[in-house]
**Student:** 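Have a look at the structure that comes next, please.
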Amino acid sequence: MNRSPDAFPAVALCLNFNLFVFLLLTEGSECILYSVTEDIKHMSKPSDLVQGTLDMLLLKILALEPMNGFAVSQRLKQVSGDVLQMSDGSLYPALHKLEQEGWITAEWKTSEYGRRAKYYSLTRLGRRQLEKEADNWGRLSAAISRVIKLKEA
């Protein structure tokens with residue numbers, strides 16, 4: 001069932017003075033994180049949150065070692081215990097965006113299977129961005145965990 005985000009009720013939680021989290025409540029027991037922002041005047045779209053999280057995951061995988069897109073996808077799947085899987089249609093545009101931001105560089109090399117493949121490496125700017133994103137994620141996930149762990153009456 002496809003619905004626009006406006007079709008669902010949203011609940012706003014103020015976790016601190018700079019961070020708002022909007023939860024999009026859906027039918028059943030599912031709950032989707034709708035928007036996270038540090039700038040109260042500018043609310044991000046749901047895709048911004050997903051993209052930001054994807055960016056952080058890709059930067060972290062590439063912080064381990066330079067690798068090609070297929071290897072990035074496989075490593076993410078492996079490290080997450082097969083929970084996080086990424087289609088090529090999501091992976092390669094995200095890698096291209098990271099390259100445009102200057103957070104990664106890419107060069108063509110021959111893979112271990114003898115094929116030409118684009119290998120991605122983290123830049124210094126990318127390492128700083130990863131630290132920033134990881135810090136933000138840590139604060140957000142800790143705040144959400146505190147809410148989830150509240151004892152029911």
Side-chain angles (χ1 to χ4, degrees), residues 2 5 10 12-26 29-150:
N2 286 335
L13 304 171
C14 180
L15 300 176
N16 63 39
F17 293 111
N18 297 322
L19 182 65
F20 276 77
V21 175
F22 284 82
L23 297 176
L24 182 65
L25 304 180
T26 63
S29 61
E30 293 183 15
C31 200
I32 299 170
L33 191 55
Y34 179 63
S35 181
V36 177
T37 184
E38 290 185 2
D39 182 0
I40 297 169
K41 296 174 188 163
H42 173 270
M43 299 306 292
S44 62
K45 296 175 241 154
S47 60
D48 293 341
L49 175 63
V50 173
Q51 184 64 48
T53 304
L54 177 57
D55 292 352
M56 178 184 60
L57 294 172
L58 294 176
L59 291 172
K60 181 60 182 182
I61 295 296
L62 291 172
L64 304 173
E65 64 180 296
M67 58 183 72
N68 63 46
F70 178 75
V72 168
S73 177
Q74 292 303 302
R75 178 69 58 91
L76 183 60
K77 182 179 174 184
Q78 172 199 21
V79 170
S80 71
D82 292 334
V83 173
L84 301 176
Q85 299 180 37
M86 199 176 323
S87 70
D88 289 352
S90 297
L91 174 64
Y92 291 101
L95 288 170
H96 182 71
K97 177 193 170 271
L98 296 179
E99 191 176 1
Q100 286 182 321
E101 294 286 346
W103 298 339
I104 64 174
T105 59
E107 67 176 305
W108 289 96
K109 295 181 181 179
T110 303
S111 75
E112 61 190 47
Y113 302 110
R115 294 183 176 161
R116 284 184 38 83
K118 205 173 197 182
Y119 279 73
Y120 300 92
S121 302
L122 198 62
T123 64
R124 284 187 189 148
L125 188 59
R127 211 167 284 287
R128 285 195 296 266
Q129 183 65 24
L130 173 58
E131 288 175 17
K132 179 181 164 187
E133 294 292 334
D135 288 346
N136 288 339
W137 179 258
R139 281 192 298 279
L140 174 62
S141 61
I144 291 172
S145 291
R146 286 191 300 272
V147 173
I148 297 299
K149 291 177 183 177
L150 287 174

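The shown structure was predicted, so the numbers you read here are calculated from the model rather than taken from an experiment.
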**Student:** Roughly how far, to the nearest 0.5 Å, is CG of L76 from CG of L84?
**Tutor:**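 Nearest 0.5 Å value for the CG-CG distance: 5.0 Å.
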**Student:** So which heavy atom on L54 is nearest to which on A94, and how close?
**Tutor:**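 Closest heavy-atom pair between L54 and A94: CD2-CB, 3.6 Å.
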**Student:** For E133, enumerate each residue passing the side-chain contact (heavy atoms from CB on, under 4.5 Å) test, keeping only those at least two apart in sequence or located in another chain.
**Tutor:**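 Applying side-chain contact (heavy atoms from CB on, under 4.5 Å) to E133 gives M56, Q129.
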**Student:** Quick test of your reading: applying salt bridge (charged side-chain N to carboxylate O under 4.0 Å, His left out), list the pairs with at least one residue in residues 111-130, sequence neighbours left out, ordered by first then second residue.
**Tutor:**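 Residue pairs passing salt bridge (charged side-chain N to carboxylate O under 4.0 Å, His left out), neighbours aside: E99-K118.
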**Student:** Could you tell me which residues satisfy side-chain contact (heavy atoms from CB on, under 4.5 Å) with Q74, sequence neighbours excluded, listed by chain and number?
**Tutor:**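 Partners of Q74 under the side-chain contact (heavy atoms from CB on, under 4.5 Å) test: F70.
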**Student:** Who are the side-chain contact (heavy atoms from CB on, under 4.5 Å) partners of L91, not counting sequence neighbours?
**Tutor:**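 Per chain and number, L91 pairs via side-chain contact (heavy atoms from CB on, under 4.5 Å) with L58, V72, S73, M86, L95.
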**Student:** With rounding to the nearest 0.5 angstrom, report the CG to CG distance, D55 to L98.
**Tutor:**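 Separation between the atoms: 4.5 Å.
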**Student:** In Å and rounded to the nearest 0.5 Å, what is the CD to OG distance from Q78 to S80?
**Tutor:**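 Output value for this atom pair is 9.0 Å.
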**Student:** Does anything in residues 59-86 form a salt bridge (charged side-chain N to carboxylate O under 4.0 Å, His left out)? List the pairs, not counting sequence neighbours.
**Tutor:**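 Every pair satisfying salt bridge (charged side-chain N to carboxylate O under 4.0 Å, His left out) with a residue in residues 59-86: E65-R75.
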**Student:** Mind checking the CG-CG spacing from L125 to L130? Nearest 0.5 Å is all I need.
**Tutor:**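 One finds 11.5 Å between CG of L125 and CG of L130.
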**Student:** Working to the nearest 0.5 Å, report the span between CH2 of W108 and CG of N68.
**Tutor:**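 That separation rounds to 10.0 Å.
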**Student:** Mind checking the OH-OH spacing from Y120 to Y92? Nearest 0.5 Å is all I need.
**Tutor:**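 Those atoms lie 6.5 Å apart.
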